[in-house]
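Side-chain atoms are counted along with the backbone in the values below, which use heavy atoms only and exclude waters and symmetry mates. We name chains A, B, ... by the order of the sequence lines, and we start the count at 1 in each one.
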Amino acid sequence: MLNDQVQKEIRGELEHYPTPRAGCIEALKIVQNHERWVSDTALQEVADLIGIPAAELEGVATFYNLIYRQPVGKHVILLCDSVSCWLTGCGKIRAGIKQRLNIDFGQTTADDRFTLLPMACLGNCDHAPSMMVGEVLHQDLTPESLDQILEGVD
Amino acid sequence: MRVKITVDGKSYEVEQGDNLLRACLSNGLDLPYFCWHPILGSVGSCRQCAVKSYQDDDDTEGKIVMACMESSNEGCRISIDDPEAKRFRAQIIEWLMINHPHDCAVCDEGGECHLQDMTVMTGHDSRRYRFTKSTHRNQDLGPFINHEMNRCITCYRCVRYYRDYAGGKDLDAFGVHDRMYFGRQEDGTLESPFSGNLVEVCPTGVFTDKTFKQHYTRKWDLQSTPSVCVHCSLGCNTILGERYGGLRRVLNRYNADVNGYLICDRGRFGYGFVNSDQRISEAGVRIADGCTLESIDSDVAVRRFTSLIKNKESLIGIGSPRASLEANFALRQLVGKENFYSGASAQEFELVATVVDAMRNGSTQTPSLRQIESADAVLLLGEDPTASAPLLSLALRQSTRQQSILEAAKAGIPMWQDAAVRGLAQDSHGPLFIATPAATALDDIASETVRAAPDDVARLGLAVAHELDPKAPRVVKLGARLKLAKRIAAALLAAEQPLVVAGTASGSKAVIQAAAAVATALGVARAKAAAPWLFLTLPECNSMGLALLNAKPLAEIKQQPKGRGGSVIVLENNLYRRAKAEQVDALLDGKTLVVLDHVQHPTVDRARLVLPAATFAETSGTLVNNEGRAQEFHTAVMPTGAIRPSHGWLLSGLTACRPDEKHALSLEDLRAACAAEFPELASTWLSDESPTLRYAKEKVPRASFRASGRTAMHANVSVHEPTPPEDPDSALAFSMEGFRDPDAQLIPSYWAPGWNSVQALSKFQFEVGGPMRGGKPGVRLIQPCKDAPPSYPDEIPAAFAAREGEWLLLPLSRVFGGEELSSMDPAIQVRTSQAQLLLHEDDGLSLGLSEGDIVEIQSEVGSFSLPVAMRKNVCRGVAMLPLDTPGVGFLQLPLYASIRRVSG
């Protein structure tokens, strides 16, 4: 059940658009801000709130890879998975994450703290390899700096 | 305007502004395509129809364009054969085919697959991709549609048809890239009653007919026959597929004036009654105990029949709105016109007569079903056509786009630019006003809806008529609805082509008359503009035909001087659906009952003599649809054993009992006699000089060129190949040989070299999506009376007032389970929801009810129990009762009843 705060935020957001349907991406983002991901029930409720079929909203939700339709950990690591990062050794970073957190792409740690996802591309090629942890961009990564970064995350 | 374009150095005449793909296809050129479809327009997403386009005569380079996205203009020069364009198209299909499985041999689409055809046309014959293909989980989409997502080439046709065109809410496109998925948000039955068209719209085997799967046969092994749907009054054209003496499937048959490219799920999947083992397959005579039916052979049956009908004086014949014109006429010949009664209920009889009167004596024009799509303002009174005449609902849905299409045209956007036109329209829908007692499936696109009892619907209609023509009677005490009436009148008047829709499913004569009054008043107000359209639905597939034969109403039977003795012949009809059981019993009391039918029902149970009749799939005949269009259907399956067409039984009886007179001996004779007696019907069979007409001394083959197994399929019985059955009643033959280019009406299936799928249809049309080459799409029998002075009903019904403690029971049509024959189909039965009494939520609460409670409905004609459904969108003070609810028996609605809670 979407709480009152989420519903209020969605309603407020929908007012910015000439048709409620146009605000559906923002609505999904609001849910995700609060719940980390969009569950089946949340999807249905958002669809009802906007007044569109759940199937149509699902089409939007599954189109965007940053709308999560499966549970994710507290911190989502988006490791850049593109040419510049390949050239500068992002494989080592991926291996480092795997070693430290025991997760690969698409997986979440047992304690629900981290989810690792590939991302093409973060647009930060001059500082490859790069990754984002939550909202924070980390660049010029090395196995050592990776350790530091992950330790610094609560 | 026609313009000249040049394709590969040859000049062609095309419609200016048409997209190049349609222009090429209309001129018989082969150009591969996927995402484009005649009813869906262009979106340019698959890139398969690439051609080379040249700027002018000096341009030697040219550039690749998508034919479906380019307009045809004078002097336009393109090339399909250009090597670069060909390479481009080959590359596209290679990409589309990357994930496509090599499963044609086990795919239901194989042999009639647009993807196969286009792949062959493009020349892609070996796969270079050597990696793992993406695969998907399939969904259970219910009893009608089979889902196999791995075959998808992501053309988007399915969602564009199901969601954009048909207004479905539960099919969509999910994901991106290799993960694209077309299906429901979660497993479950596709809810739209038009889901079956996915089978034909999908260019490959993602969506296939699940009922066909149970007795699957390749298209090339089916014997196909042109037919007409019997499951509502619209008369959609269908193609029936036969193998091993069974009806295997029903496909759309294109009729540019009726159903176009589509049919509804009731028509496509409701055919199970033909193959049912519950059918009456043998003649039977009731033995002395009155219960047991003893089988007798056909000759004995004819002798028995003859002895029972010898005395013409005491004969009564009861016809049927679901039997052909010929069968009804044969019965009329047998019993004499003075003894021929309509098999419709008293109410149906009156309502149909009202419709016929409005069509015959009014000045308004009845549009064809297809024309309805181009109406730009609609008033719908009294019923939900989605249930009573499903395809009408789909046509009305298109009509609500008409204004945005006109607006787009003003902005220079042609109608075929689908995404642009829909984008411009957003959620706006042209005026559609709906006044009904309960919610309709069109409410989501209606400009305004009003929930009202039939009398109030009629009052609103008459008020609109009065706004348009002051000579129409004035309705007083309308309250807030007066303003609504003014808005409706203004919208109808402002339109280029307004349309009023009503029908017999409302159960109200006043509603039909009010609809006719609105159309008449519109005609007066519009003066010289085109006649307004009035479209009225009827109860059954041949209600109109029966009405045109001037049968007398059932109620008059009682007034016959010879009340007792004699025989009653009932043609394909269950009288217990037409009148109260006591009335039927009284009518049959002391008389010998002969029933000709193919399905079991209580009237058959009473019969002294039962004659096994052919279904619509096993005989030829003519049906007249609600717009008065006579259309012929033909034998798809030869009747086996004792089964004979009804008209055959009746003619044998006639010949045997009156050997001295000259009688019709064949269907052809019957038609001639019918035409002689009813000049109005004469044009029905005019252009078909004779049903045994042969083209160049040949008949039209039902089987394909490559039909297989002819010599082997009966080898388990005998190694000698049986003689193919003779069909004396049509120009079609059960054969592979014959004349393959007949009139459009007789085309048994669509095939052209290189085009094995249903999309070969383009090759049979003058223009893609236009009229068929060499074809009359049935004959319109009723013409409006252009100079008729405007006439309006004299009486204005009193306003409906909800009664204390009593509810007005009204009929509720249902798309599945509300029609006699399709209700016997196992797949339709799965889709039939439990019958519920529908009430307004507050009415339910006032009775202390909650959803699903069992209530007893008590009226002066008895009582019965049903679960209750409570909704906000129902008129207060009425209760909607599904038609044909099991265990309820015949009820003449409307009727006041009390409602009492029995249990939770």
Side-chain angles (χ1 to χ4, degrees), chain A residues 2 13-29 31-32 37-72 78 80-83 104-107 117-121, chain B residues 43 45 134 136-137 139 141-142 145 147 149 152 154 156-192 195 198 207 404 419 422-429 441 443-446 872-873:
Chain A
L2 297 177
E13 192 62 38
L14 295 183
E15 281 171 18
H16 299 173
Y17 299 92
T19 55
R21 159 183 282 111
C24 67
I25 302 169
E26 291 308 317
L28 290 168
K29 281 162 73 180
V31 173
Q32 196 159 296
W37 67 296
V38 182
S39 65
D40 286 354
T41 45
L43 184 99
Q44 183 66 55
E45 285 178 47
V46 173
D48 293 343
L49 206 62
I50 301 174
I52 59 173
E56 188 176 344
L57 189 63
E58 178 81 297
V60 174
T62 53
F63 180 83
Y64 293 103
N65 57 354
L66 291 180
I67 301 290
Y68 307 133
R69 285 288 281 116
Q70 288 175 45
V72 292
L78 299 173
C80 189
D81 182 31
S82 192
V83 179
D104 208 337
F105 284 150
Q107 294 175 341
L117 296 172
M119 183 70 192
C121 125
Chain B
V43 286
S45 79
S134 70
H136 303 273
R137 195 182 64 85
Q139 290 182 318
L141 298 177
I145 303 288
H147 193 217
M149 243 319 281
C152 181
T154 65
Y156 275 76
R157 266 193 199 179
C158 54
V159 289
R160 289 179 57 222
Y161 160 71
Y162 191 93
R163 197 183 66 180
D164 299 351
Y165 189 94
K169 311 265 187 245
D170 59 333
L171 181 85
D172 224 302
F174 307 117
V176 277
H177 314 310
D178 255 14
R179 301 189 305 276
M180 275 308 300
Y181 190 91
F182 295 84
R184 277 175 51 91
Q185 199 238 339
E186 50 189 20
D187 276 41
T189 302
L190 283 171
E191 288 159 9
S192 167
S195 66
L198 288 172
F207 300 100
S404 62
R422 288 183 193 275
L424 187 73
Q426 290 293 323
D427 287 338
S428 72
H429 292 280
D443 285 0
D444 62 325
I445 47 165
K872 280 209 165 62
N873 226 336

- Among the listed options Asp170(B), Leu171(B), Asp427(B), the residue most often paired with chain A at heavy-atom distances under 4.5 Å: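 Of Asp170(B), Leu171(B), Asp427(B), Asp427(B) has the most heavy-atom pairs under 4.5 Å with chain A.
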What residues of residues 159-169 of chain B sit under 4.5 Å from chain A when you count only heavy atoms?
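Within residues 159-169 of chain B, the residues that come under 4.5 Å of chain A (heavy atoms only) are Arg163(B), Lys169(B).
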List the atom pairs, with distances to 0.1 Å, where a side-chain N or O of residues 43-50 of chain A and a protein N or O form a donor-acceptor pair under 3.5 Å, not counting sequence neighbours.
unit_1: Gln44(A); atom_1: NE2; unit_2: Asp48(A); atom_2: OD1; d: 3.2
unit_1: Glu45(A); atom_1: OE1; unit_2: Leu2(A); atom_2: N; d: 2.8

Any residue of residues 51-63 of chain A which, by heavy atoms, sits under 4.5 Å from chain B
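Residues Pro53(A), Ala54(A), Ala55(A), Glu56(A), Glu58(A), Gly59(A), Thr62(A), Phe63(A) are the ones that qualify, each having a heavy atom under 4.5 Å from chain B.
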Stepwise side-chain contact (heavy atoms from CB on, under 4.5 Å) test for Arg21(A) and Gln426(B):
CA-CA 10 Å; Arg21(A) 159 183 282 111; Gln426(B) 290 293 323; 5.7 Å; no
### Residue list, side-chain hydrogen bond (donor to acceptor under 3.5 Å, both in side chains) with Ser134(B), at least two apart or on another chain
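Listed in chain order: Asn99(B).
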Straight-line distance of Gln70(A) CD to Tyr68(A) OH, nearest 0.5 Å: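 One gets 12.0 Å once the value is rounded to the nearest 0.5 Å.
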State, yes or no, whether a side-chain contact exists between [X] and [Y] at a heavy-atom distance under 4.5 Å.
{"X": "Met119(A)", "Y": "Leu66(A)", "answer": "yes"}
{"X": "Leu141(B)", "Y": "Phe207(B)", "answer": "yes"}
{"X": "Asp172(B)", "Y": "Gln185(B)", "answer": "no"}
{"X": "Tyr156(B)", "Y": "Val43(B)", "answer": "no"}
{"X": "Asp187(B)", "Y": "Arg137(B)", "answer": "yes"}

Tell me whether the centres of the aromatic rings in His147(B) and Tyr181(B) are closer together than 6.0 Å.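 When the ring centroids of His147(B) and Tyr181(B) are compared, they turn out to be within the sub-6.0 Å range.
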